[in-house]
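To start, the structure itself, in structure tokens.
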2 protein chains.
Amino acid sequence: MKTENSKRSTGCPVAFGLDCFGDRWTLLVIRDMMVHGKRTYSAFLASEEQVATNILISRLKQLEADGIVNKERDPNNRRSYIYSLTQKGQDLAPVLLEIIRWGGKHDSREGAKRKIVDQLEQDQEGLEQQLRSPSPD
Amino acid sequence: MKTENSKRSTGCPVAFGLDCFGDRWTLLVIRDMMVHGKRTYSAFLASEEQVATNILISRLKQLEADGIVNKERDPNNRRSYIYSLTQKGQDLAPVLLEIIRWGGKHDSREGAKRKIVDQLEQDQEGLEQQLRSPSPD
DNA sequence: GCCTCACATTGCATTTTGCAAGCGACTGCA
DNA sequence: TGCAGTCGCTTGCAAAATGCAATGTGAGGC
């Protein structure tokens, strides 16, 4: 598991960000919450990129420890938990949007998904609000 | 070394971005180029975060392979190389800016560096232009 | 010719990742 | 009441990435 003291401490805001979400999986979990409105462990597990269970749980724990997501019991199902974005997590929406914009511009592969990129070009403000308080799609 | 076929191919622009710069070091090299105007191997090596030589060279090669940086000989010193950002690399400026904004807002540690964060608040457009064609600070 | 600098490689121990299996608490259903 | 299925999570282990120190190479400088 990623340990808490694996954080750098140079004071650079970029390094600080990377310490929170600078790996191959963390930002995909945040994407799943923002873009796809996912909120449960099993929903994250079902994402296209096929994250392993041990990686997923370690990232969720780290995100919770970093105050980016909040974990609470599902009132309707006592064996489930609901993960949601804190303010700090919602504030990652602009970061995600700019990554989407960059990926949309520079990913020339077949099968690149344009839907959200088009939405971003047409109504950035609206999309950002949507990412901050998402609903399942 | 990170192999080229370690790329995911789900078509998601976020996953595409993470395949290019989703690790603990790549974006720091890009930060060094944009924010600090660094352009040589030895300048990157001297960064605060103390990247190892093997990691640095592997990231530079990957960035070059991905078309994000360009490598050419230094006309003034034939044992040196100059690394510079391509258009694709310069287009990462908004991503970096939003990470800086987020880090600036949420990093409450002692010693967090505010200078660039303040600059961002005062003149985002100017800063973005500066990051796209940086000069050493 | 010898020294230094800049870029880069190598070897090896440690850490992280990927993958498969399994576990305990809980639920829905007969 | 029993029991199969779901949910969140843990464990074991092989493979890959990382951290680290030492070494190599090729171009200048003197």
Side-chain angles (χ1 to χ4, degrees), chain A residues 1-10 15 18-29 32-33 38-65 69-84 136, chain B residues 1-10 15 18-29 32-33 38-65 69-84 136:
Chain A
M1 196 198 310
K2 190 161 67 172
T3 55
E4 184 61 24
N5 54 6
S6 70
K7 305 272 186 191
R8 285 169 287 223
S9 52
T10 57
L18 293 176
D19 283 340
C20 294
F21 52 80
D23 71 275
R24 277 173 85 67
W25 294 110
T26 302
L27 218 49
L28 289 182
V29 172
D32 279 348
M33 298 183 84
K38 296 184 179 182
R39 342 216 103 213
T40 63
Y41 176 92
S42 47
F44 302 133
L45 203 60
S47 79
E48 273 191 315
E49 285 86 4
Q50 308 250 56
V51 60
T53 58
N54 55 346
I55 304 292
L56 175 59
I57 197 68
S58 78
R59 294 307 183 272
L60 286 170
K61 282 179 177 171
Q62 192 59 52
L63 284 168
E64 199 190 353
V69 311
N70 191 260
K71 178 183 182 177
E72 57 196 336
R73 301 201 85 98
D74 184 341
N76 301 317
N77 183 345
R78 300 212 310 122
R79 66 190 160 178
S80 261
Y81 292 89
I82 304 285
Y83 293 90
S84 56
Chain B
M1 196 198 315
K2 191 161 68 171
T3 56
E4 183 62 26
N5 54 7
S6 70
K7 307 271 186 192
R8 284 169 287 223
S9 51
T10 57
L18 293 176
D19 283 340
C20 293
F21 52 81
D23 71 276
R24 276 173 85 68
W25 294 109
T26 302
L27 218 49
L28 289 182
V29 172
D32 280 347
M33 299 184 84
K38 296 185 179 180
R39 341 215 108 220
T40 64
Y41 177 92
S42 45
F44 301 134
L45 204 59
S47 79
E48 273 190 314
E49 286 86 2
Q50 308 248 55
V51 61
T53 58
N54 56 345
I55 304 290
L56 175 59
I57 197 70
S58 79
R59 294 306 183 272
L60 286 170
K61 282 178 176 172
Q62 192 59 54
L63 283 168
E64 199 190 354
V69 311
N70 191 259
K71 178 183 183 178
E72 57 196 336
R73 301 202 87 97
D74 183 341
N76 301 317
N77 182 347
R78 302 217 309 122
R79 63 190 162 178
S80 260
Y81 292 90
I82 304 285
Y83 292 90
S84 56

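None of the values given here were measured: they were computed from a predicted structure. All chains are named by letter (A, B, ...) in the order of the sequence lines, taking the proteins before the strands, and each is independently numbered beginning at 1.
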**Request:** Find the distance A:Asn54:CG to D:dC7:C1' and express it as a whole number of Å.
**Result:** 17 Å
**Request:** State whether the distance check finds a donor on one side and an acceptor on the other, under 3.5 Å, for side chain B:Tyr81 versus base C:dA6.
**Result:** no
**Request:** Report yes if at least one side-chain N or O of A:Trp25 is closer than 4.0 Å to OP1 or OP2 of C:dG18; otherwise report no.
**Result:** yes
**Fill in**
Taken to the nearest whole Å, CZ/B:Arg24 to P/D:dT18 is 10 Å
**Distance below 4.0 Å between A:Ser42 side-chain N/O and D:dG8 OP1 or OP2** = yes
**Request:** Would you indicate what A:Tyr83 reaches in the nucleic acid, counting non-hydrogen atoms under 4.0 angstrom: base, sugar-phosphate, or nothing?
**Result:** sugar-phosphate
**Request:** Please state how far atom CG in A:Leu45 lies from atom C1' in D:dC9, giving the value in whole angstrom units.
**Result:** 11 Å
**Item:** Residue pair A:Tyr83 / A:Val29, side-chain heavy-atom distance below 4.5 Å
**Value:** no
**Request:** When you get a sec, tell me which of D:dC20, C:dC19, C:dA20 is the closest nucleotide to the side chain of A:Thr53?
**Result:** C:dA20
**Prompt:** Would B:Arg8 and B:Asp19 pass as an ion pair if we require N to O under 4.0 Å?
**Reply:** yes
**Spacing of B:Ile55 atom CD1 relative to C:dT10 atom P, expressed in whole Å** = 15 Å
**Complete:** Here the distance between atom C1' of C:dA20 and atom CD1 of A:Ile57, to the nearest Å, is 17 Å
**Shortest non-hydrogen contact from B:Arg73 toward B:Arg78** = NH2-O, 3.0 Å
**Residue whose closest nucleotide on DNA chain C lies nearer the 5' end, A:Asn76 versus B:Asn77** = B:Asn77
**Request:** Ignoring backbone atoms, establish whether B:Arg78 has a side-chain N or O less than 4.0 Å from OP1 or OP2 of D:dG28.
**Result:** yes
**Message:** Could you tell me how far apart A:Asp74 (CG) and D:dG8 (P) are, to the nearest whole angstrom?
**Reply:** 9 Å
**Prompt:** Does A:Asp74 come within less than 4.0 Å of A:Arg39, counting only side-chain N to carboxylate O?
**Reply:** no
**Asked** Taking for each residue the nucleotide of DNA chain D with the nearest heavy atom, is it B:Arg79 or A:Ile82 whose nucleotide lies nearer the 5' end?
**Response** A:Ile82
**Message:** Expressed as a whole number of angstroms, how long is the span from A:Arg59:CZ to C:dT16:C1'?
**Reply:** 8 Å
**Prompt:** What about A:Ser80: does its side chain form a donor-acceptor pair under 3.5 Å with the base of D:dT6?
**Reply:** no
**Asked** Can you find a side chain N or O atom of A:Lys61 that sits less than 4.0 Å from OP1 or OP2 on D:dG8?
**Response** no
**Prompt:** Does OP1 or OP2 of D:dC7 have a side-chain N or O of A:Arg39 closer than 4.0 Å?
**Reply:** no
**Request:** Determine: side-chain N/O of A:Arg73 to OP1/OP2 of C:dA25, distance under 4.0 Å, yes or no.
**Result:** no
**Message:** Within the 4.5 Å heavy-atom criterion, are A:Phe44 and A:Val51 side-chain neighbours or not?
**Reply:** no
**Item:** Spacing between B:Leu56 atom CG and C:dT10 atom P, to the nearest angstrom
**Value:** 16 Å
